[in-house]
Novice: 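The structure is given below, and queries will be raised subsequently.
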Amino acid sequence: MSYSVPEVPGQDIAADDAPRSSSTGWPLWEVFVRQRRGLSHVHAGSLHAADVETALQNARDVYTRREEGVSIWVVPSGEIHATDPYDADAMFEPFADKPYRHPTFYEIPDEVGYM
Amino acid sequence: MTGFATMTDPAAAYVLRHGDDNLVLAQRLSEWVSLGPELEEDIALANVALDHLGVATHLLGHASQLVGGGTTDDDLAFQRTEREFTNVVLVEQPNGDFAHTMARQLFMDAYQRLLWEALAVSEDAILAGIAAKAHKESLYHFRHTSGWVVRLGDGTDESHTRMQAAVDNLWRYTGELFEMDDLDRQMVESGVGVDLGALSGPWLHAIAAVAADAMIALPDEVTQRGGGRRGFHTEHLGHLLSEMQWMQRTYPGLEW
Amino acid sequence: MTQTTAGETRFQTTIDADDKVEPRDWMPEGYRHTLIRQIAQHAHSEVIGMQPESNWITRAPSLKRKAILIAKIQDEAGHGLYLYSAAETLGVSREDLVDQLHTGRQKYSSIFNYPTLTWADMGTIGWLVDGAAIVNQIMLQQTSYGPYSRAMVRNCKEESFHQRQGYEIMLTLSRGSAEQRALAQDALDRWWWPSLMMFGPPDSESTHTEQSMEWKIKRMTNDDLRQKFVDMTIPQAEYLGLTVPDPDLVWNVEREHYDFGDIDWDEFWTVIKGHGPMNRERIQHKVGAWEDGEWVREAAIAHSEKAAARAADTIDARGAA
């Protein structure tokens with residue numbers, strides 16, 4: 001279910017969003033699910049659990065209860081290292097001008113058949 | 001309505017008692033929905049409840065076929081009285097705190113793991129099929145529950161005290177799991193049923209292993225309270241049924 | 001006028017291209033705030049929304065209905081969880097958000113502040129409340145924030161059975177006894193108007209809609225979504241043979257939409273401000289469960305710390321040997 005709830009007129013929204021309690025909850029884990037044998041594990045989402053066993057069990061209950069998987073990985077969220085989006089141009093754009101890596105770059109006569 | 005009081009078909013009565021265990025336990029577990037200690041555990045408990053409800057539905061369905069005369073699984077669930085329910089009294093005990101629910105569940109998971117394994121080779125092929133599926137579920141339940149018993153037993157001082165109290169309180173209902181009555185003996189002879197007495201050793205072994213990890217002391221010999229198999233329940237079951245059966249009793253004979 | 005930074009430019013380009021904004025991207029503070037608020041409210045709605053239905057689990061009239069209801073409410077817990085996860089990518093913790101719900105600083109949908117009085121309410125919640133939610137969530141699959149959009153895709157996929165099971169309950173009742181038809185009509189009478197209120201105040205009074213539309217957080221306005229829902233639902237009500245409690249309801253040939261009567265916005269604001277029929281009970285139930293569970297959550301953490309310490313000791317011992 002869903003919907004955004006309007007704020008009551010006169011209420012200060014910015015103050016509302018300010019976190020006030022300190023976090024002492026269960027740690028956050030990222031969940032990766034292999035949908036079926038032969039496929040890679042794919043990020044499914046995250047969840048909270050106190051330890052690795054419960055993280056795996058909760059992942060099973062939360063992310064595979066409609067038979068979405070045959071294998072699960074869980075990783076502490078803090079252990080995920082990512083590329084910097086600011087760095088995206090330097091990281092990924094250099095690959096844009098190298099069409100010779102792709103098979104469609106080459107012209108092979110039809111008579112040769114499938115290659 | 002006491003039409004089911006004399007369950008003349010022993011095979012039906014036998015299937016039904018195991019169905020009742022699962023139905024009543026599912027009803028109790030479903031009371032946890034929206035009250036779990038964290039969202040993840042709310043979801044996990046609902047899955048366990050759904051597993052037990054599924055097994056109950058299969059077993060009551062099978063029993064209703066054996067009873068015949070157009071009886072349905074819902075008739076057996078919603079039209080029988082307290083005296084006609086034959087579940088063990090352990091499963092009707094109130095949820096209490098999370099430790100009590102886990103203790104009750106641990107005792108049942110360890111028992112059902114053995115029970116379903118044995119019933120999976122029953123001469124009653126339908127019962128055997130249901131048991132084989134339930135066995136896989138019980139293996140998972142036991143893993144989930146024993147993990148929690150260890151976490152609570154070997155967690156904080158408060159959780160340890162609560163876990164120990166729960167084991168102490170519910171221990172007196174565990175003896176009934178392994179009691180053999182005439183029906184059990186008859187079913188063992190015909191190759192349909194299980195020798196429950198033979199399960200108690202492995203059960204205690206499994207429980208003791210979990211208890212050791214959980215730093216929980218198992219109670220000494222205590223006077224056991226059984227009686228559920230012959231309809232001699234604790235006072236809790238009547239209330240559970242009056243809630244569960246309320247719709248069918250208020251509006252008799254309707255489809256929903 | 002502040003200078004436009006590279007981040008701002010990139011953000012605007014992403015929005016303009018209908019691309020998704022991802023967690024580590026630069027985003028305007030207002031965008032982040034609006035998303036946190038909206039996703040948190042959405043998550044709270046899923047979780048509080050478990051209560052009106054769990055009220056009927058133990059009394060469900062058949063084994064099949066009991067199983068369906070448990071599975072459905074379990075999905076709602078799952079949807080709440082996906083949404084909290086999406087909010088957490090914005091730098092808030094679930095604990096903080098839950099705390100804001102418990103202390104009344106964040107809200108949830110007004111619809112869950114109405115009581116479920118009969119079994120027919122399980123039908124109307126599935127049919128109308130989930131129906132309205134689906135209209136909203138289908139729109140939100142296109143929202144500009146990646147994690148929110150992905151959570152919505154998952155929700156919608158799972159939620160398709162929710163509305164159908166609700167309508168099936170209504171169908172069974174409307175084809176049943178006179179008493180059952182009366183239950184169905186009574187439930188529709190009570191839930192119709194609150195369902196329309198779920199889409200929020202009219203566009204003329206909705207202060208944040210314009211900015212949210214610009215940021216492509218929302219892709220349709222409250223009134224447009226409401227109209228879509230009414231147009232979809234009226235034929236379904238007619239098929240059930242039930243009467244929608246609105247004497248002004250009429251098909252407008254020119255607009256090719258239904259015209260419908262005025263919504264009682266005073267009632268809406270009363271409920272939003274916390275004075276609806278069930279506001280107090282819903283929060284009390286939620287806070288009670290959270291407090292009762294505290295020792296369990298603490299025990300799990302304590303145990304994991306003990307286990308980690310023991311593992312470290314074992315390694316030390318091995319190293320010393």
Novice: Pick one of side chain, backbone, both or neither for C:Ala307, based on which atoms fall under 4.5 Å of a heavy atom in chain B.
Specialist: neither
Novice: Among B:Thr57, B:Thr72, B:Asp74, B:Asp73, exactly one meets side chain to side chain contact (heavy atoms under 4.5 Å, CB included) together with C:Ser62. Which residue is that?
Specialist: B:Asp74
Novice: Just checking, any donor-acceptor pair under 3.5 angstrom between side chains of B:Ser34 and C:Gln51?
Specialist: no
Novice: Quick one: closest heavy-atom pair of B:Phe78 and C:Pro61, and the distance?
Specialist: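 Nearest pair, atom of B:Phe78 first, then C:Pro61: CE1-O, 3.8 Å.
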Novice: When heavy-atom pairs shorter than 4.5 Å are enumerated against chain C, which of B:Asn47, B:Asp42, B:Leu23, B:Asp97 gives the highest number?
Specialist: B:Asn47
Novice: Let's test your reading of the structure: which of C:Ile57, C:Leu63, C:Leu173 forms the most heavy-atom pairs below 4.5 Å with chain B?
Specialist: C:Leu63
Novice: Under a 4.5 Å cutoff for heavy-atom pairs, which residue among B:Pro37, B:Ser159, B:Ala99 has the most contacts with chain C?
Specialist: B:Pro37
Novice: So which part of C:Val98 gets closer than 4.5 Å to some heavy atom of chain B, the side chain, the backbone, both or neither?
Specialist: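 No part of it gets close to chain B.
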Novice: Counting only heavy atoms closer than 4.5 Å, note whether C:Leu81 contacts chain B via side chain, backbone, both or neither.
Specialist: both
Novice: Tell me, for C:Lys286 versus chain B, whether the close heavy atoms (under 4.5 Å) come from the side chain, the backbone, both or neither.
Specialist: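 Contact with chain B involves no heavy atom of C:Lys286 at all.
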Novice: I'd like to know if B:Glu255 and C:Arg65 make a salt bridge, using a cut-off of under 4.0 Å between side-chain N and carboxylate O.
Specialist: no
Novice: What part of C:Leu183 gets closer than 4.5 Å to chain B, counting heavy atoms only: side chain, backbone, both or neither?
Specialist: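 Contact with chain B is through the side chain of C:Leu183 alone.
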Novice: Is the B:Phe98 ring parallel, tilted or perpendicular to the C:Trp295 ring (thresholds 30°, 60°)?
Specialist: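 Answer is perpendicular, since the angle exceeds 60°.
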Novice: Could you tell me whether a side-chain N or O of C:Gln74 sits under 3.5 Å from a main-chain N or O of B:Ile43, the two making a donor and an acceptor?
Specialist: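 A pair under 3.5 Å: yes.
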Novice: Any salt bridge linking C:Arg94 with B:Glu38? Criterion: basic side-chain nitrogen under 4.0 Å from a carboxylate oxygen.
Specialist: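 Yes, this pair counts.
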Novice: Between C:Glu168 and chain B, with a heavy-atom cut-off of 4.5 Å, which part of the residue counts as in contact: side chain, backbone, both or neither?
Specialist: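 Interface part for C:Glu168: neither.
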Novice: Any idea which of C:Lys64, C:Glu298, C:Lys66 has the most non-hydrogen atom pairs under 4.5 angstrom with chain B?
Specialist: C:Lys66
